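The structure presented is a predicted model; accordingly, all values stated were derived computationally and were not measured. Letters go in sequence order (proteins before strands), and every chain restarts at 1.
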Protein chains: 2
Amino acid sequence: MRIHNLNFRHLRYFMVVAQEGTIARASKRLNLTPQTISGQLKVLEEMLEIELFERHGRRLDLTDAGRQALEYAEEIFNLGEAMQLQLHHAGNSRINCAVGIADVVPKSIAYKLLAPALELDDPVHLECREGSMESLLGDLIANRVDLILADRPIDASTHVRAYNHLLGETGISMFASPSLAKRYRPDFPHGLNGAPLLLPTDDTVAGANIMKWFRARHIEPSIRVECVDSALIDIFGQAGTGLFCGPSVLESELQRQHSVETIGRLEGIRERYYAISLERQIRHPGVQAITHRARELLLETGQETALAEESAD
Amino acid sequence: MRIHNLNFRHLRYFMVVAQEGTIARASKRLNLTPQTISGQLKVLEEMLEIELFERHGRRLDLTDAGRQALEYAEEIFNLGEAMQLQLHHAGNSRINCAVGIADVVPKSIAYKLLAPALELDDPVHLECREGSMESLLGDLIANRVDLILADRPIDASTHVRAYNHLLGETGISMFASPSLAKRYRPDFPHGLNGAPLLLPTDDTVAGANIMKWFRARHIEPSIRVECVDSALIDIFGQAGTGLFCGPSVLESELQRQHSVETIGRLEGIRERYYAISLERQIRHPGVQAITHRARELLLETGQETALAEESAD
DNA sequence: CACCAATATTCGAAAATTTCGAATGCGAAT
DNA sequence: ATTCGCATTCGAAATTTTCGAATATTGGTG
């Protein structure tokens, strides 16, 4: 089978399997049978002439090649959707603001940061897209997004000339399902040696900070799951796979929606969120609305915590 | 038909039709029948819910939406190929240098600039890709290419932090098919009022310079064709559609290969070519080979014309 | 250990999509 | 007016995708 038979569907199935971790779950999400997914995955591997997953027992682990392919697939997909959206809205052009959300940013945080823009007198039409920082920066310089929401400022190493706008910050809390909470809350944090932990991958700001925090206190939890998307961590956490960290501002929300309990706060860590744009002085009305209002409506209530400063590069 | 049925083939057919200008020629190049192309093009238009071409008589002209879609399609395609290449070579990794060539750069020039790297003791393995400047800059920051060959340095407006390395420069000559040459050579350049002209689009350096040159001399040629890819201009020129400009260093080559004649030189215009990389001081051995040797082997022989300077941003 | 539940895969057949041959209509050139 | 080249429509053939049924393998459990 030739490479030109490569279909967006192949890529999509592959992406979903990589995200879900298993063909069975992917097939449910895609409303397809497992055979189909399995078959098409094989076809994709044959077309690319490389193994995307390592089959360990019934577990599918992404190979190195698989990880690379995944990045490409996501980017290709984003482009496809961007094309569709842009063309579709070409006639009735009312896209005021296209926002790229780095996938390390919790969705609820993104919502909180973007919500102000929707409540303006002259409401902004938002168009959201998720992706890796790298892929979103490409979208930014190509003007496919007006703004990126990220968990860190960009610096010289990214090779993109853009500006960071601090939107707000929050502390980090630790959450767990009720049974785990009962066990580990009493002597938090020093009783966490060997405790099962779910973490953001350590190339994220949050992941690195949390690891550092534990090391500084000579605590060694047992890391069970690492992943980029925090929504996935919430699910695992809800299921009781392990303890996990999340923004303190989301405490009540997490408790309510995912039936987990707060077992403590990681004092000293502050998570910050940034808007990244190409303009130092923001002219784009949609972006302006977001950055201005986000700063009024600080993430953490009370306190002097969430400053509204601006840092270049 | 749903969007997920979008196939790489749809995009490819669309791209080829846009390039060739007619379904018939596209079908020849793709080894398919015209019905197929026509049908699939229609399917694509229906999926995107927008007209890609305006049907004027039997001429197909890209609509605005079509032009936008074309850019996306090219970028998506490049990503697909990059993925394929990178994964394919993941095992036997011997890609020393991935180069992006801006589509405004004549292919022969690109060849001349890259050739030195192939003649080294320790030969470099090159991997080339073409595209718009914007799309290539995205590739550069995502490390999918190590180097971009362009007709202009990048500046602050691109929002990419990268460095320009002047590789060489050349004058501009005007060419024409024998019959046109006979008519217009005698009183070049002032007899060119109303002469049929083929131009690079005026968002290219070459196009803008040439227009300026004519305006300064109060000459008003009649512009017949504008396009980005200079190879296409050569073809039109060969067919006698009009006079066209090209790098003086390619005079002999154009005369031989396209049976056209030189009718004069546009004194005062110098076309420069640049390598753009993320590193100011180049460490990448492949890139080093290209930039170093390109400067020794200057584009225009003799003269003091081609300097080897380096400019930041 | 045997058993069970969950998963991935293989193998045909059915469904959907793409391609082509034949035929039609339209525009441009002679 | 005629003819040629091109785009398009239609139905049939070829190809690709999907699914149902069956099989194999893993991991856990009594």
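The nearest whole Å value for the distance from the CG atom in N31(B) to the C1' atom in dT18(C) is 16 Å. Atom pair Y13(A):OH and dT9(C):P shows a separation of 16 Å (rounding to whole Å applied). Per the geometry, CZ belonging to F8(A) stands 17 Å off C1' belonging to dT17(C), to the nearest Å. If you take CZ of R29(B) and C1' of dC6(D), they are 19 Å apart, rounded to a whole angstrom. When the P atom of dT17(D) is taken as reference, atom CZ of R12(A) falls 16 Å away, rounded to whole Å. Distance, L41(B) CG to dT18(C) C1': 15 Å, rounded to whole Å. Atom CD of E51(B) is separated from atom P of dA7(D) by 15 Å (rounded to the nearest Å). One atom, CD1 of I37(B), and another, P of dT9(D), lie 15 Å apart when rounded to the nearest Å.
Side-chain proximity of R9(A) to the nucleotides dG20(D), dT17(D), dT9(C) is greatest for dT17(D). Side-chain proximity of Q35(A) to the nucleotides dC20(C), dT17(D), dA21(D) is greatest for dA21(D). Among the nucleotides dT19(C), dT10(C), dT8(D), the one closest to the side chain of K42(A) is dT10(C). With dC20(C), dT9(C), dT18(D) as the choices, the nucleotide that has an atom nearest any side-chain atom of P34(A) turns out to be dT9(C). With dT18(C), dT7(C), dT18(D) as the choices, the nucleotide that has an atom nearest any side-chain atom of H10(B) turns out to be dT18(C). The side chain of L32(B) lies closest to dC20(C) when the candidates are dC20(C), dT9(C), dA7(D).
When each of D234(A), I233(A), L243(A) is tested with L198(A) by the rule side chain to side chain contact (heavy atoms under 4.5 Å, CB included), just one qualifies, namely I233(A).
In terms of position along DNA chain D, the nucleotide closest to T22(B) lies nearer the 5' end than the nucleotide closest to the other residue of the pair T36(A) and T22(B).
For R59(A), no side-chain nitrogen or oxygen approaches OP1 or OP2 of dT7(C) to under 4.0 Å. Between Q40(B) and dT19(C), a side-chain N or O to OP1/OP2 separation shorter than 4.0 Å is present.
In this model, a donor atom of one side chain and an acceptor atom of the other lie less than 3.5 Å apart for E253(A) and S108(A).
Taking the side chain as every heavy atom from C-beta outward, F244(B) and V260(B) approach each other to under 4.5 Å.
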As a quick check of understanding, evaluate side chain to side chain contact (heavy atoms under 4.5 Å, CB included) for F8(A) and I76(B), giving each step before the final call. CA-CA 11 Å; F8(A) 275 79; I76(B) 288 173; 4.0 Å; yes
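Under a 3.5 Å cut-off, the side chain of N193(B) and the backbone N or O of E220(B) do form a donor-acceptor pair.
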